[in-house]
There are 2 protein chains.
Amino acid sequence: MSVESARARTLSHVDPAEVPLQAALDALADPVRRSILRDLSVHDDWTRACGTFDLPVKKATASHHFAVLRAAGLIEQRDEGARRLNRLRREEFDTAFPGLLTATIDRAD
Amino acid sequence: MSVESARARTLSHVDPAEVPLQAALDALADPVRRSILRDLSVHDDWTRACGTFDLPVKKATASHHFAVLRAAGLIEQRDEGARRLNRLRREEFDTAFPGLLTATIDRAD
DNA sequence: CATGGTGTTCGATCCCTGTCGTACAGTTGT
DNA sequence: ACAACTGTACGACAGGGATCGAACACCATG
(Lines give C-alpha, C1' and ligand atoms only; values in the text may rest on other atoms or scores of the structure.)
Protein backbone atom coordinates (compact mmCIF):
# COMPACT_ATOMS: atom_id res chain seq x y z
CA MET A 1 0.00 0.00 0.00
CA SER A 2 1.02 3.60 -0.51
CA VAL A 3 2.85 5.20 2.35
CA GLU A 4 3.06 8.74 1.04
CA SER A 5 2.54 11.48 3.60
CA ALA A 6 -0.52 13.70 3.71
CA ARG A 7 1.72 16.52 2.56
CA ALA A 8 2.95 14.71 -0.52
CA ARG A 9 -0.62 13.84 -1.40
CA THR A 10 -1.18 17.46 -2.45
CA LEU A 11 1.49 17.06 -5.11
CA SER A 12 -0.24 15.93 -8.28
CA HIS A 13 1.73 16.43 -11.44
CA VAL A 14 0.35 16.66 -14.94
CA ASP A 15 1.89 15.68 -18.23
CA PRO A 16 2.49 18.95 -20.12
CA ALA A 17 1.13 17.21 -23.21
CA GLU A 18 -2.27 17.06 -21.46
CA VAL A 19 -2.26 20.74 -20.54
CA PRO A 20 -4.59 22.95 -22.61
CA LEU A 21 -2.92 25.86 -24.35
CA GLN A 22 -5.24 28.17 -22.42
CA ALA A 23 -3.90 26.92 -19.08
CA ALA A 24 -0.31 27.27 -20.27
CA LEU A 25 -0.86 30.85 -21.41
CA ASP A 26 -2.75 31.79 -18.25
CA ALA A 27 0.14 30.47 -16.20
CA LEU A 28 2.75 32.34 -18.24
CA ALA A 29 0.80 35.60 -18.33
CA ASP A 30 1.51 36.40 -14.69
CA PRO A 31 4.73 38.34 -13.95
CA VAL A 32 5.29 36.71 -10.57
CA ARG A 33 5.07 33.27 -12.12
CA ARG A 34 7.43 34.21 -14.95
CA SER A 35 9.84 35.47 -12.32
CA ILE A 36 9.76 32.06 -10.64
CA LEU A 37 10.38 30.30 -13.96
CA ARG A 38 13.29 32.57 -14.85
CA ASP A 39 14.84 31.90 -11.48
CA LEU A 40 14.48 28.16 -12.00
CA SER A 41 15.90 28.36 -15.51
CA VAL A 42 19.24 29.70 -14.27
CA HIS A 43 19.72 27.28 -11.38
CA ASP A 44 20.28 23.56 -11.18
CA ASP A 45 17.28 21.29 -10.72
CA TRP A 46 16.12 20.63 -7.16
CA THR A 47 18.24 23.38 -5.66
CA ARG A 48 15.50 25.94 -5.03
CA ALA A 49 12.90 25.57 -2.30
CA CYS A 50 9.69 27.63 -2.55
CA GLY A 51 10.76 29.95 0.25
CA THR A 52 14.09 30.82 -1.37
CA PHE A 53 12.56 32.89 -4.17
CA ASP A 54 12.64 36.64 -3.86
CA LEU A 55 9.02 37.46 -4.64
CA PRO A 56 6.97 40.62 -4.11
CA VAL A 57 4.08 38.67 -2.55
CA LYS A 58 3.32 36.96 0.75
CA LYS A 59 3.83 33.24 1.16
CA ALA A 60 0.14 32.37 0.81
CA THR A 61 0.12 34.03 -2.59
CA ALA A 62 3.43 32.44 -3.57
CA SER A 63 2.04 29.03 -2.68
CA HIS A 64 -0.88 29.72 -5.01
CA HIS A 65 1.50 30.60 -7.86
CA PHE A 66 3.51 27.40 -7.40
CA ALA A 67 0.29 25.40 -7.55
CA VAL A 68 -0.69 27.09 -10.81
CA LEU A 69 2.72 26.42 -12.33
CA ARG A 70 2.53 22.78 -11.30
CA ALA A 71 -0.98 22.39 -12.75
CA ALA A 72 0.22 23.90 -16.01
CA GLY A 73 2.99 21.32 -16.29
CA LEU A 74 5.67 23.98 -15.99
CA ILE A 75 7.34 22.80 -12.81
CA GLU A 76 7.84 19.61 -10.87
CA GLN A 77 8.00 19.60 -7.09
CA ARG A 78 9.47 17.19 -4.58
CA ASP A 79 9.45 17.30 -0.81
CA GLU A 80 12.76 17.17 0.98
CA GLY A 81 12.19 17.34 4.68
CA ALA A 82 10.21 20.43 5.52
CA ARG A 83 11.11 22.07 2.23
CA ARG A 84 9.58 21.69 -1.20
CA LEU A 85 12.13 21.68 -3.99
CA ASN A 86 11.40 22.73 -7.55
CA ARG A 87 12.48 21.84 -11.05
CA LEU A 88 11.65 23.55 -14.33
CA ARG A 89 10.15 21.00 -16.72
CA ARG A 90 11.96 22.53 -19.65
CA GLU A 91 12.16 19.54 -21.97
CA GLU A 92 8.69 18.12 -21.38
CA PHE A 93 7.07 21.53 -21.71
CA ASP A 94 9.09 22.36 -24.81
CA THR A 95 7.88 19.16 -26.42
CA ALA A 96 4.27 20.06 -25.74
CA PHE A 97 4.61 23.78 -26.54
CA PRO A 98 7.65 24.29 -28.78
CA GLY A 99 9.20 27.70 -28.39
CA LEU A 100 6.72 28.99 -25.82
CA LEU A 101 8.97 28.85 -22.77
CA THR A 102 11.90 30.38 -24.59
CA ALA A 103 9.73 33.15 -25.97
CA THR A 104 8.38 34.09 -22.56
CA ILE A 105 11.17 33.69 -20.02
CA ASP A 106 14.36 34.15 -22.02
CA ARG A 107 13.97 37.90 -22.15
CA ALA A 108 15.10 41.07 -20.43
CA ASP A 109 11.62 42.28 -19.51
CA MET B 1 -1.61 69.22 -43.90
CA SER B 2 -3.12 65.94 -42.82
CA VAL B 3 -6.58 65.23 -44.12
CA GLU B 4 -7.25 62.00 -42.25
CA SER B 5 -10.83 61.41 -41.17
CA ALA B 6 -11.98 61.44 -37.57
CA ARG B 7 -12.44 57.70 -37.90
CA ALA B 8 -8.89 57.05 -39.03
CA ARG B 9 -7.64 59.16 -36.13
CA THR B 10 -8.57 56.35 -33.75
CA LEU B 11 -6.10 54.07 -35.50
CA SER B 12 -2.79 54.38 -33.74
CA HIS B 13 -0.35 51.58 -34.43
CA VAL B 14 2.57 50.59 -32.26
CA ASP B 15 5.88 49.08 -33.23
CA PRO B 16 5.87 45.52 -31.83
CA ALA B 17 9.43 46.14 -30.65
CA GLU B 18 8.05 48.74 -28.22
CA VAL B 19 5.40 46.41 -26.83
CA PRO B 20 6.09 45.04 -23.34
CA LEU B 21 6.10 41.27 -23.06
CA GLN B 22 3.30 41.60 -20.52
CA ALA B 23 1.03 43.31 -23.05
CA ALA B 24 1.82 40.71 -25.70
CA LEU B 25 1.01 37.84 -23.36
CA ASP B 26 -2.16 39.51 -22.09
CA ALA B 27 -3.30 39.92 -25.68
CA LEU B 28 -2.52 36.30 -26.58
CA ALA B 29 -4.07 34.84 -23.44
CA ASP B 30 -7.63 35.50 -24.61
CA PRO B 31 -9.28 32.76 -26.70
CA VAL B 32 -11.38 35.16 -28.77
CA ARG B 33 -8.30 37.13 -29.71
CA ARG B 34 -6.36 33.99 -30.61
CA SER B 35 -9.29 32.99 -32.80
CA ILE B 36 -9.02 36.29 -34.64
CA LEU B 37 -5.29 35.83 -35.12
CA ARG B 38 -5.68 32.28 -36.41
CA ASP B 39 -8.26 33.47 -38.88
CA LEU B 40 -5.94 36.20 -40.10
CA SER B 41 -3.03 33.78 -40.36
CA VAL B 42 -4.80 31.65 -42.95
CA HIS B 43 -6.08 34.48 -45.15
CA ASP B 44 -4.39 37.04 -47.33
CA ASP B 45 -3.59 40.44 -45.86
CA TRP B 46 -6.33 43.08 -46.02
CA THR B 47 -9.03 40.62 -47.01
CA ARG B 48 -10.82 40.38 -43.68
CA ALA B 49 -12.99 43.18 -42.27
CA CYS B 50 -13.78 43.18 -38.54
CA GLY B 51 -17.38 42.15 -39.14
CA THR B 52 -16.46 39.11 -41.22
CA PHE B 53 -15.06 37.12 -38.31
CA ASP B 54 -17.22 34.43 -36.80
CA LEU B 55 -16.92 35.31 -33.12
CA PRO B 56 -18.96 34.24 -30.08
CA VAL B 57 -19.30 37.84 -28.85
CA LYS B 58 -21.27 40.94 -29.76
CA LYS B 59 -19.74 43.58 -31.97
CA ALA B 60 -18.96 45.98 -29.11
CA THR B 61 -16.86 43.27 -27.51
CA ALA B 62 -15.26 42.34 -30.81
CA SER B 63 -14.29 45.96 -31.35
CA HIS B 64 -12.59 45.92 -27.95
CA HIS B 65 -10.60 42.82 -28.88
CA PHE B 66 -9.41 44.36 -32.14
CA ALA B 67 -8.23 47.40 -30.20
CA VAL B 68 -6.27 45.21 -27.80
CA LEU B 69 -4.64 43.30 -30.65
CA ARG B 70 -3.69 46.56 -32.33
CA ALA B 71 -2.20 47.98 -29.14
CA ALA B 72 -0.15 44.81 -28.69
CA GLY B 73 1.37 45.21 -32.15
CA LEU B 74 -0.26 42.02 -33.35
CA ILE B 75 -2.45 43.44 -36.11
CA GLU B 76 -2.52 46.40 -38.42
CA GLN B 77 -5.78 47.99 -39.50
CA ARG B 78 -6.75 50.14 -42.45
CA ASP B 79 -10.07 51.74 -43.31
CA GLU B 80 -11.59 50.93 -46.66
CA GLY B 81 -14.87 52.73 -46.99
CA ALA B 82 -17.12 51.79 -44.14
CA ARG B 83 -15.12 48.69 -43.38
CA ARG B 84 -11.94 48.22 -41.41
CA LEU B 85 -9.55 45.72 -42.92
CA ASN B 86 -7.00 43.76 -40.96
CA ARG B 87 -3.54 42.32 -41.39
CA LEU B 88 -1.56 40.02 -39.11
CA ARG B 89 1.80 41.64 -38.38
CA ARG B 90 3.54 38.29 -38.51
CA GLU B 91 7.05 39.38 -39.45
CA GLU B 92 7.30 42.43 -37.22
CA PHE B 93 5.89 40.59 -34.24
CA ASP B 94 8.12 37.58 -34.84
CA THR B 95 11.14 39.84 -34.82
CA ALA B 96 10.14 41.31 -31.47
CA PHE B 97 8.95 38.04 -29.93
CA PRO B 98 10.58 35.13 -31.76
CA GLY B 99 8.50 32.00 -31.69
CA LEU B 100 5.67 33.43 -29.63
CA LEU B 101 3.07 33.73 -32.37
CA THR B 102 3.83 30.31 -33.77
CA ALA B 103 3.65 28.75 -30.34
CA THR B 104 0.24 30.25 -29.60
CA ILE B 105 -1.78 30.24 -32.80
CA ASP B 106 -0.33 27.40 -34.87
CA ARG B 107 -2.11 24.76 -32.82
CA ALA B 108 -5.22 22.61 -32.82
CA ASP B 109 -6.60 23.92 -29.53
C1' DC C 1 8.10 17.42 23.84
C1' DA C 2 8.31 22.16 22.83
C1' DT C 3 9.82 25.51 19.57
C1' DG C 4 10.70 27.38 15.18
C1' DG C 5 10.65 26.92 10.18
C1' DT C 6 8.30 25.63 5.71
C1' DG C 7 4.40 25.42 3.06
C1' DT C 8 -0.78 24.71 2.26
C1' DT C 9 -5.73 25.77 2.88
C1' DC C 10 -9.52 28.59 3.68
C1' DG C 11 -12.29 32.66 3.63
C1' DA C 12 -12.55 37.52 2.51
C1' DT C 13 -11.48 41.41 -0.28
C1' DC C 14 -10.29 44.05 -4.24
C1' DC C 15 -9.51 45.07 -8.82
C1' DC C 16 -9.24 44.12 -13.55
C1' DT C 17 -11.30 42.81 -17.72
C1' DG C 18 -14.53 40.58 -20.68
C1' DT C 19 -19.20 41.34 -21.79
C1' DC C 20 -23.20 43.85 -23.42
C1' DG C 21 -26.79 47.63 -24.67
C1' DT C 22 -27.14 51.89 -26.31
C1' DA C 23 -25.83 55.81 -28.62
C1' DC C 24 -23.09 57.77 -32.03
C1' DA C 25 -19.97 58.62 -36.31
C1' DG C 26 -18.92 57.53 -41.21
C1' DT C 27 -19.96 55.29 -45.42
C1' DT C 28 -22.78 53.42 -49.12
C1' DG C 29 -26.63 53.07 -51.89
C1' DT C 30 -31.48 54.32 -53.07
C1' DA D 1 -32.41 63.18 -47.87
C1' DC D 2 -33.04 58.86 -46.08
C1' DA D 3 -32.18 54.21 -44.71
C1' DA D 4 -29.06 50.46 -43.97
C1' DC D 5 -24.57 48.98 -42.77
C1' DT D 6 -19.90 49.01 -40.33
C1' DG D 7 -17.45 50.00 -36.50
C1' DT D 8 -16.33 52.83 -32.16
C1' DA D 9 -17.29 55.12 -27.50
C1' DC D 10 -19.23 54.98 -23.17
C1' DG D 11 -21.37 53.38 -19.00
C1' DA D 12 -22.73 49.43 -16.38
C1' DC D 13 -22.37 44.84 -14.80
C1' DA D 14 -20.57 40.26 -13.42
C1' DG D 15 -16.96 36.83 -12.91
C1' DG D 16 -12.55 35.50 -12.01
C1' DG D 17 -8.22 35.77 -10.20
C1' DA D 18 -4.50 37.94 -7.42
C1' DT D 19 -3.80 39.17 -2.84
C1' DC D 20 -3.67 38.70 2.12
C1' DG D 21 -4.26 37.12 7.22
C1' DA D 22 -5.02 33.48 10.05
C1' DA D 23 -5.19 28.78 11.08
C1' DC D 24 -3.32 24.45 10.27
C1' DA D 25 -0.10 20.36 9.08
C1' DC D 26 4.37 18.69 8.71
C1' DC D 27 9.33 18.54 9.62
C1' DA D 28 13.62 19.40 12.15
C1' DT D 29 16.22 20.45 16.08
C1' DG D 30 17.05 21.73 20.80
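Chain A is the first sequence line, chain B the second, and so forth, proteins listed ahead of strands; every chain is numbered from 1.
Distance A/Phe66 CZ to D/dG17 C1': 18 Å, rounded to the nearest Å. With rounding to whole Å, A/Asp26 atom CG is found 13 Å from C/dG18 atom C1'. Atom CG of A/Leu85 and atom C1' of C/dG5 are 15 Å apart (whole Å). Atom-to-atom, CG of B/Leu25 to C1' of C/dT17 comes out at 16 Å; the value is rounded to the nearest Å. Remark: P of D/dA18 and NE2 of A/His64 are 4 Å apart, rounded to the nearest angstrom. The interatomic distance linking B/Arg78 (CZ) with D/dG7 (C1') rounds to 17 Å, in whole Å. Per the geometry, NZ belonging to B/Lys59 stands 12 Å off C1' belonging to D/dA9, to the nearest Å. Protein atom CG of A/Asp79 is 10 Å distant from nucleotide atom P of D/dA28, rounded to whole Å.
Of the candidate nucleotides D/dT8, D/dT19, C/dG7, D/dT19 has the atom lying nearest to any side-chain atom of A/Val32. When each of C/dG21, D/dT19, C/dG5 is scored by its nearest atom to the side-chain atoms of A/Ala82, the top-ranked nucleotide is C/dG5. When distances run from any side-chain atom of A/Arg83 to the nucleotides D/dC20, D/dG7, C/dT6, the shortest one goes to C/dT6.
Checking the phosphate oxygens (OP1, OP2) of C/dT19, a side-chain nitrogen or oxygen of B/His65 falls inside 4.0 Å. Distances shorter than 4.0 Å separate some side-chain N or O of A/Thr61 from OP1 or OP2 on D/dC20. Contact between the side-chain N/O atoms of A/Ser63 and the OP1/OP2 oxygens of C/dT8 is found at a separation under 4.0 Å. Using a 4.0 Å cut-off, some side-chain N or O of B/Arg33 falls inside it from OP1 or OP2 of C/dG18.
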Evaluate the criterion side-chain contact (heavy atoms from CB on, under 4.5 Å) for residue pair B/Cys50 and B/Lys59; output intermediate values, then yes/no. CA-CA 9 Å; B/Cys50 295; B/Lys59 65 173 183 174; over 6 Å; no
Should B/His64 and B/Val57 be marked as a side-chain contact (heavy atoms from CB on, under 4.5 Å) after you check the CA-CA gap, both sets of side-chain angles, and the distance that decides it? CA-CA 11 Å; B/His64 162 66; B/Val57 294; over 6 Å; no
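Taking the nucleotide of DNA chain C with the nearest heavy atom to each of A/Ala49 and B/Lys58, the more 5' of the two is matched to A/Ala49.
When B/Asn86, B/Thr104, B/Ile105 are each tested for a side chain to side chain contact (heavy atoms under 4.5 Å, CB included) with B/Leu37, only one passes: B/Ile105.
When heavy atoms are screened at a 4.0 angstrom cut-off, B/Asp30 is found touching the sugar-phosphate backbone but no base atom.
Under the 4.5 Å side-chain heavy-atom criterion for Ile, Leu, Val, Met, Phe, Trp and Tyr, A/Val14 and A/Val68 are members of distinct hydrophobic clusters.
Put simply, the side chain of B/Thr102 reaches to within 4.5 Å of the side chain of B/Arg90, judged on heavy atoms.
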